[in-house]
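First comes the structure, then the notes that go with it.
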Number of protein chains: 2
Amino acid sequence: MARTQGSHSDITGPRIRDAALRLFAQHGYAAVSMRQIAKEVGVQAGALYNYTPDKQSLLHRLMEGHMRELLAAWQVQESSGEAGEDAMAQLERFVRFHISFHMQRPDAVFIAYMELRNLSEENFILIEALRSSYEDALEAVLKRGVDTGRFRIPDTKIATLAVIAMLNGVMTWYRSGGRLSLEEVESVYWDMVRKSVGV
Amino acid sequence: MARTQGSHSDITGPRIRDAALRLFAQHGYAAVSMRQIAKEVGVQAGALYNYTPDKQSLLHRLMEGHMRELLAAWQVQESSGEAGEDAMAQLERFVRFHISFHMQRPDAVFIAYMELRNLSEENFILIEALRSSYEDALEAVLKRGVDTGRFRIPDTKIATLAVIAMLNGVMTWYRSGGRLSLEEVESVYWDMVRKSVGV
DNA sequence: CTTTTTTCTGAACAAATGTTCAGTTAACCT
DNA sequence: AGGTTAACTGAACATTTGTTCAGAAAAAAG
């Protein structure tokens, strides 16, 4: 059965996705026009509407895709640890995973943190829920560490946000090919995180 | 002597400043129109151009003003310490100052961190220089602590950025009237920072 | 090949954008 | 009061915005 005109795929075309990702990250959602995206893809603006119902969905799908990838990747990483791994090892796993994962997708990360206010209210709620469950994953580790006496943390909720904020900071300055390798950066941050939650 | 038509003051009118601050913080620079700002002030759009040469200057002046206030306030705070204050006390002073200062201007902080990419290139360079000298202030404290053996930090540059990123995280969740007072929040963060740079 | 289906063009739409400016209103000064 | 200066209006400007859609082009299917 033919797609009626004006309808669109449920999955955004990869070329369009990539162009939107790059442009949104560079100039911001509001500052990028559909015509700019189209030009990057090598197509007229109208053609985009075969792949997305509107500009807003383009943004939302980028964010949702990113957050779901993040959650899925962490679940893989988490379950790859040996059973009975203690909280300290789990926290190191999280720190290294977080930095590594985010550094591989700087544009998506940037968008996910900067463009929340350009989401419609319903889309905002959806994305926030995904973000929350990622934060919960870290908080669970911290709580376990507190319970087992490995960590001393006055407030696990604040500590969760503080750690994530600290780790996200790496995005603002790290450029591959710099003074430090990604693994060295991971180690420096892990050193600070470990001490900050320590007894 | 009369101002010729179309010229503008060197200082942006406070009403306009405040309206732009609030709107830029809420919706983002690119998403706010001059007409929206005018409406908030209770005036027609054209009247704004008696106070600013263009929209870009409005943004730049907000950011520059904020950064200069920040630097000035820190200099006051820094020099208010007793002479010979050790690095640990200086760091605590910085942490509490940073949180307290930023929490009093959430909108300006938000703009200063989110709208860098909407600055023209020359304005961007100016603002970045101001930000750098603020970071240098913290790094100086960390270096002193390393030299005197109070801190153990593998890389003071990274630690500087990590601490600031961590502290800035408070902006994303703290709302006055919440579970914790501002001073309690300061203490929680200070606890984490202190440990993270500790020996 | 022809027919069917999918994809894209190119023009058009109404609305919104930053900015200018002649002319009106308000404020101030003597 | 009148006269001078400052502030604001309201309309206009050229561009750009997101989005639609009839029809052309291309691709797939027969």
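Both backbone and side-chain heavy atoms feed into the values below; hydrogens, waters and symmetry mates do not. Labels below follow one simple rule: chain letters A, B, ... track the order of the sequence lines, proteins then strands, and each chain is numbered from 1.
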Donor-acceptor pair between A/Ser133 and A/Asp136 side chains, under 3.5 angstrom | no
In whole angstroms, how far is the P atom of D/dC8 from the NZ atom of B/Lys39?
-> 18 Å
Nucleotide nearest B/Gln44 when distance is taken to its side chain, options D/dG10, D/dT19, D/dA7 | D/dG10
Name the nucleic acid region contacted by A/Val32, choosing base, sugar-phosphate or nothing; use a 4.0 angstrom heavy-atom cut-off, strictly under.
-> sugar-phosphate
Using distance alone, with no hydrogens and no angle criterion, decide if A/Glu128 and A/Ser132 have a side-chain donor and acceptor under 3.5 Å apart.
-> no
Closest nucleotide among C/dT7, C/dG18, D/dT19 to the B/Tyr49 side chain | C/dG18
Provide, to the nearest angstrom, the distance between the CZ atom belonging to B/Arg35 and the P atom belonging to D/dT9.
-> 13 Å
Which of C/dT19, D/dT19, C/dC8 is nearest the side chain of B/Asp54? It is C/dT19
For A/Lys55 and D/dT20, what is the distance between atoms NZ and C1' respectively, to the nearest whole Å?
-> 17 Å
With the side chain defined as heavy atoms from C-beta on, B/Tyr51 is closest, among D/dT19, D/dC8, C/dT19, to D/dC8
Against the side chain of B/Gln36, the closest entry in D/dA7, C/dG18, C/dT17 is C/dT17
Could you give the CG-to-P distance, from A/Leu48 to C/dT7, as a whole number of Å?
-> 14 Å
Is any side-chain N of the basic residue among B/Arg194 and B/Asp191 closer than 4.0 Å to the acidic one's carboxylate O?
-> yes
Of B/Ala31 and A/Gly46, whose nearest nucleotide on DNA chain C comes first from the 5' end?
-> A/Gly46
Whole-Å distance, A/Ile16 CD1 to D/dT19 P, equals 13 Å
Rounded to whole angstrom units, what separation is found between the CG atom of A/Asn50 and the C1' atom of D/dC21?
-> 11 Å
Can you check the B/Met34 CE to D/dA14 P distance for me, whole Å?
-> 20 Å
B/Lys195, NZ atom: more than 12 neighbouring heavy atoms under 6.0 Å = yes
May I ask you to check whether B/Tyr134 and B/Trp74 place their ring centres under 6.0 Å from each other?
-> no
Is the distance from OP1 or OP2 of D/dT16 to the nearest side-chain N or O of A/Ser33 less than 4.0 Å?
-> no
Over how many whole Å does the gap from B/Leu59 atom CG to C/dG18 atom P extend?
-> 13 Å
